[in-house]
There are 2 protein chains.
Amino acid sequence: MPSATTRIRIVEKADTLFYEAGFDATSFSDIAAAVGISRGNFYHHFKTKDQILNAVIRFRLERTREMLANWENNAETARDRILSFIQILIVNRANIMAYGCPAGTLCTELAKMDHASQDHANEIFVLFRGWLTQQFMLLGSDEQAGQHALHVLAWSQGVASIATTFRDEAFIRREVAEITIWLDRKISQLNTRLTGD
Amino acid sequence: MPSATTRIRIVEKADTLFYEAGFDATSFSDIAAAVGISRGNFYHHFKTKDQILNAVIRFRLERTREMLANWENNAETARDRILSFIQILIVNRANIMAYGCPAGTLCTELAKMDHASQDHANEIFVLFRGWLTQQFMLLGSDEQAGQHALHVLAWSQGVASIATTFRDEAFIRREVAEITIWLDRKISQLNTRLTGD
DNA sequence: CACAAGCTAGGACAGTTGTCCTAATTTGTC
DNA sequence: GACAAATTAGGACAACTGTCCTAGCTTGTG
C-alpha cells in the first residue's frame with residue numbers, strides 16, 4: 001500500500017517543518033518539496049492544511065504515549081521516570097536551543113492564531129501532566145501531586161525557552177541538576193512525613 | 001509635528017498586534033486598519049516590515065528600561081525589586097494566559113524564522129538578565145548571581161508558557177508564591193554564609 | 001497669499017498562499 | 001491482459017502578501 005507510505009511521509013516531514021519553522025510559516029510547497037511530491041497531490045491525502053496539522057498532532061501524541069510507555073518499562077522507580085522526562089532537555093538540547101520545545105512552541109503559536117486545534121495540541125501537555133501526576137502519587141504525594149506535575153512541566157518549559165534565547169548548554173545542564181536536587185528533596189520530605197507523622 | 005504622532009501610533013499598534021497575533025501573522029493591512037491609515041501610507045514611515053519590527057523592539061526595550069528604573073525608585077530592597085519582576089506574572093495574567101510572554105514568544109518566533117533581528121529581540125532578555133544579576137549581587141551573591149538571574153528568568157518563562165496552555169490563574173499565583181519562598185531561602189542562605197563563615 | 005515640505009490615499013506590481021479540478025499514470029485484482 | 005480503483009502531476013483560481021510609485025492634499029513658513 002504505497003499510498004499509506006506517502007501519507008506517513010507527509011506527516012513526518014510536516015512534523016519536522018512545523019517544529020523547525022512553525023505551522024503558519026510552513027507552506028504546502030515546503031512540505032511537497034521535502035517529501036518529493038507535487039503540490040497538487042496533497043488534496044488526495046489531506047483536504048486542508050488544518051487536517052495535516054491534526055494528523056501531525058495525532059502523530060506527536062502517539063509518539064509521546066510510546067515514550068511514556070518506554071519509561072514505564074525501563075525506569076525502575078517513579079523518581080527515575082520523572083528524571084527521564086527532565087533528561088529530554090539534555091538529550092534534545094541541540095534542537096531545543098535552535099527551535100525551542102516542540103509542544104510548547106506549537107501551543108503558543110496556535111494560541112496566538114486562536115486556532116481551532118488549540119485544545120488538540122494542548123493534549124500533549126495534558127498527557128505529560130497526567131503522567132507526571134501519577135508518578136508523584138506513586139512517590140506518596142496525594143493532593144499536591146498535580147501541582148508538582150505542573151511545576152516540573154513549567155520548569156522544563158522555562159529552561160527550554162531561555163536555552164533558545166541564550167543558546168546556553170551549560171545552563172541546561174545546571175537546571176537539570178537543580179531539578180534533580182529539588183525532586184530528591186521533595187521525595188525525602190514525603191518520606192519523613194509518611195514515617196514520622 | 002503630526003507625522004511623529006502617526007509614526008508612534010504605528011509602532012504602538014504594531015507592538016500590540018505583534019504580541020497578540022505574532023509578527024509574521026500580522027500584515028500591513030492589519031496595522032493600517034488598527035491605526036486608521038491607508039496601506040500605501042506606510043512606505044513614508046517605514047520602508048520594510050522589518051523596520052517596523054525593529055522600531056517595536058526598540059519601543060519595548062525603552063519601556064523595559066523605564067520599568068526597571070521605576071522599580072529602582074519604588075522598591076527599597078533588592079528582594080522587593082526581584083519580586084516586582086516576578087509580580088508581572090500576576091499583573092499581566094490575563095494577557096499572559098491569552099498570548100504568553102511578549103518577549104519570550106517574539107524571540108521564539110524569530111528563532112524559528114532565523115530572522116535577522118533575533119539578537120535585537122533577545123536584548124530584552126539581556127536587559128532583564130543583567131538587571132536581575134545586579135540585584136542578586138546586592139544581596140551578597142557574587143559568582144552565582146548570574147545563574148540565579150537566569151534561573152528566575154527561566155522560571156517566569158515556564159510559568160507564562162504553562163499558564164497559556166492551561167489558562168490557570170491559580171497556578172500562576174501558586175508559582176509566584178513559590179518563587180518568593182525560594183528567593184527568601186536563597187537570601188537567608190547568603191546571610192548565614194556571610195555572617196557565619 | 002504663495003511656496004515648499006511633509007504627509008496621505010489609492011492602486012500597481014510580482015510573488016506566494018491554500019484550495020480545488022482534471023487528466024494521466026500506476027497499482028492491485030480478476 | 002483487462003478493468004476499476006487509487007494515486008499522481010500539473011495547473012487554474014481568487015485572495016493576500018510586502019513593496020513601491022504617483023498624484024493629490026495638508027501644513028508650516030516666508
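Protein chains get the first letters and strands the later ones, always in sequence-line order, with residue 1 at the start of each. For the numbers below, each heavy atom of this structure counts, side chains included, while hydrogens, waters and symmetry mates do not.
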Problem - Sugar-phosphate or base contact per nucleotide [nucleotides 16-25 of chain D; S, B, -; heavy atom under 4.0 Å] - result: -SSSBB----
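By the side-chain hydrogen bond (donor to acceptor under 3.5 Å, both in side chains) test, A:Thr26 pairs with no residue at all, sequence neighbours left out. For B:Arg58, there are no side-chain hydrogen bond (donor to acceptor under 3.5 Å, both in side chains) partners two or more places apart in sequence or in a different chain.
Between the CD1 atom of B:Ile37 and the P atom of C:dG10 there is a distance of 12 Å, rounded to whole Å. Rounded to whole Å, the distance from NE2 on A:His44 to P on C:dT27 is 14 Å.
The shortest distance between the side-chain N/O atoms of A:His45 and the OP1/OP2 oxygens of D:dT8 is below 4.0 Å.
Contacts between residues 15-22 of chain B and DNA chain D, defined by a heavy-atom separation below 4.0 Å, involve no residue at all.
A:Asp80 has its side chain out of reach of A:Trp71: every pair of non-hydrogen atoms, C-beta onward, lies at least 4.5 Å apart.
Residue pairs that meet the ring-ring contact (aromatic ring centres under 6.0 Å, His included) test with at least one member in residues 89-118 of chain B, sequence neighbours left out, are B:Tyr19-B:Tyr99, B:Phe23-B:His115. For the side chain to side chain donor-acceptor pair (under 3.5 Å) condition, the pairs that include at least one residue of residues 168-183 of chain B, sequence neighbours left out, are A:Gln147-B:Arg174, A:His151-B:Glu175, B:Arg93-B:Glu169, B:Trp155-B:Glu175, B:Glu169-B:Arg173.
For A:Lys13, the NZ atom counts as loosely surrounded, since its 6.0 Å shell holds 12 or fewer non-hydrogen atoms of other residues, nucleotides or ligands.
Of the possible donor and acceptor atoms, one in the side chain of B:Thr164 sits under 3.5 Å from a partner among the backbone N and O of B:Ile96.
Counting all heavy atoms, side chain and backbone alike, A:Ala78 lies closest to A:Leu138 at CB-CB, 4.1 Å.
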